[in-house]
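First the proteins, then the strands, lettered A, B, ... as listed; each starts at 1. Just so we're clear, the structure is a prediction, and the values are computed from it rather than from any experiment.
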2 protein chains.
Amino acid sequence: MKLHVSPDTFPPRGHEAKRLSIVDSAATVFCREGFAGANIDLIAAEAGVSRQTIYNHHGDKEKLFVAVVRDLTERCNAGIFATIATFPDLPGDLEADLIGFAMRLNQNCICNRDGKFLRKLIQTEGERYPELFAEWREQGPGRTWPAIAARFARLAYGGYLAIDDPDVAARQFLGLVNAELQTTFMLGGSPREDEVLQSATNGVRTFLRAFGKRRSATSVEKQSALASA
Amino acid sequence: MKLHVSPDTFPPRGHEAKRLSIVDSAATVFCREGFAGANIDLIAAEAGVSRQTIYNHHGDKEKLFVAVVRDLTERCNAGIFATIATFPDLPGDLEADLIGFAMRLNQNCICNRDGKFLRKLIQTEGERYPELFAEWREQGPGRTWPAIAARFARLAYGGYLAIDDPDVAARQFLGLVNAELQTTFMLGGSPREDEVLQSATNGVRTFLRAFGKRRSATSVEKQSALASA
DNA sequence: ACAAATTTAGACACTCTTGTCTAATTCGTC
DNA sequence: GACGAATTAGACAAGAGTGTCTAAATTTGT
């Protein structure tokens with residue numbers, strides 16, 4: 001009698017797989033509808049799970065929401081630190097290397113599913129859960145920005161850049177590299193890869209016009225415009 | 001018949017005054033609670049109006065929301081264009097003048113009540129009303145960004161700046177000037193004035209390191225690093 | 001002061017959602 | 001194959017919110 005109608009998904013694998021599936025679907029729905037607009041039945045349907053299972057796992061709509069944010073924060077942070085590890089400490093072509101770094105950061109941490117969702121949840125529900133998002137602020141920007149700043153400081157110390165304040169430079173790097181994506185980010189969309197590349201390229205070029213030394217032998221051509229002053 | 005030149009002086013009671021009060025309170029509540037979480041009774045209470053009056057004026061929760069966004073877009077745009085009119089076309093001290101412009105833009109258009117609310121509504125409900133926010137995109141960034149770019153182009157033509165692409169430069173100017181306010185913006189907060197000034201100052205300095213000519217006599221020191229060629 | 005228009009408070013029907021409960025079914029594991 | 005744990009569908013109570021309606025009170029124009 002019981003006809004298990006699960007058209008797209010695999011049959012229930014295990015206990016943890018179900019938990020993951022729930023948090024995943026919850027993230028999707030919370031982002032699309034907002035906390036108040038999100039519907040537990042919809043989350044359950046999207047996760048291919050009965051409503052009761054959600055309550056068994058998380059107890060409460062609010063607890064589920066907190067679990068979603070914690071999960072996203074953790075995964076995003078891991079991604080960012082993994083990407084920071086690829087920062088070019090000994091650049092061959094500084095411009096190309098920084099563009100590559102910016103692209104990895106955007107594609108793997110900011111424009112991907114987790115990054116988009118976390119950003120949206122912070123924007124929409126940040127004021128309602130001050131302690132939760134204060135935690136994000138400490139764990140996220142509070143740790144990643146200094147880490148990026150340290151890498152820029154190392155480049156400056158190595159003679160590749162002329163930087164006064166590495167913290168300011170790091171924030172400005174991020175601002176420049178994302179300068180052309182702001183509107184898309186606001187509306188919750190995902191920029192196409194060529195848009196990301198365009199923004200990163202323009203951003204890095206301006207960054208290097210401000211902070212670059214013509215030292216780094218390989219990219220002499222790019223610096224020539226600067227030198228033509 | 002209703003052609004009265006009446007001196008609609010006080011806020012207390014009037015037909016239009018009530019309409020304004022409703023839209024105002026609705027903006028506050030929609031921003032705080034999101035569309036789904038917003039409660040008509042709460043809006044009515046906050047506006048000092050009965051629930052029925054809201055339905056008389058706007059007919060519908062959704063129509064009320066649209067009225068709020070249209071209202072905010074219009075007022076914000078007016079503010080931005082008014083501020084663009086103060087752009088320094090013939091700068092005395094370029095750095096100081098650009099910092100002043102950035103401060104006016106931030107304080108009067110981005111960090112003020114209307115700007116904060118509009119930004120939040122776009123972020124939270126943008127995906128649910130594609131046509132409404134497409135309209136905003138055209139009327140807002142679609143018109144203000146080129147206007148700012150034109151001003152930068154004029155500065156470049158006047159020999160004050162070395163800019164390749166004025167549109168890119170304009171977006172990067174905004175990105176730099178707000179680089180240190182991103183986290184605060186995300187969480188829906190209002191940065192303190194000294195934070196805004198700090199970000200604007202740092203942003204403009206970097207902008208001028210990238211695009212400035214050492215022409216502008218007053219800020220020679222900052223350009224010296226660049227000039228060390 | 002009078003009449004028309006507007007606003008108000010409250011009741012109301014209706015829908016939707018949360019979270020609980022139960023009994024049947026399925027899964028994991030031995 | 002069998003047993004305990006997890007999952008399921010469905011019904012359910014309780015609460016909240018929207019939008020309508022009405023009769024009374026208030027404001028507004030003349």
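Evaluation of the salt bridge (Lys or Arg N to Asp or Glu O under 4.0 Å) test over residues 134-143 of chain B, restricted to residues two or more places apart or in two chains, returns B:R70-B:E135.
Note: A:F87 and A:F152 have perpendicular aromatic rings, judged against thresholds of 30 and 60 degrees for the angle between ring planes.
B:R19 places its CZ atom 15 Å from the C1' atom of C:dT7, with the value rounded to the nearest Å. Following rounding to the nearest Å, B:K63 (NZ) and D:dG19 (P) show an atom-to-atom distance of 9 Å. Protein atom CD1 of B:I54 is 15 Å distant from nucleotide atom C1' of D:dT20, rounded to whole Å.
Remark: A:R104 CZ is packed, more than 12 non-hydrogen atoms of other residues, nucleotides or ligands lying under 6.0 Å away.
You'll find the ring centres of B:F30 and B:F117 outside the 6.0 Å limit.
Taking 4.0 angstrom as the limit, B:T53 places none of its side-chain polar atoms (N or O) nearer than this to OP1 or OP2 of C:dT6. Proximity of B:H57 to the phosphate of C:dT6: no side-chain N or O atom is located under 4.0 Å from OP1 or OP2. Between B:K18 and C:dT8, a side-chain N or O to OP1/OP2 separation shorter than 4.0 Å is present.
For B:N178 and B:Q182, the side-chain atoms include no donor-acceptor pair closer than 3.5 Å.
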Go through it in stages, so that I can follow the logic: the residues are B:D167 and B:R171, the test is salt bridge (Lys or Arg N to Asp or Glu O under 4.0 Å), and I'd like the CA-CA distance, side-chain angles, deciding distance and then a yes or no. CA-CA 6 Å; B:D167 290 298; B:R171 289 193 288 266; 5.2 Å; no
Counting primed atoms plus P, OP1 and OP2 as sugar-phosphate and everything else as base, spell out the protein contacts along nucleotides 16-23 of chain C at 4.0 Å heavy-atom distance: B, S or - for each nucleotide, 5' to 3'. -SSBBB--
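Using a 4.0 Å heavy-atom distance criterion, A:H58 is classed as making no nucleic acid contact.
Scanning both residues, B:A47 and B:I22, for their nearest heavy atoms gives CB-CA, 4.0 Å. Nearest heavy-atom pair across A:Q172 and B:N202 is NE2-O, 3.0 Å.
Taken over five-pair windows at either terminus, the axes of the helix from C:dA1-D:dT30 to C:dC30-D:dG1 are inclined to one another by 40° (rounded to 10 degrees).
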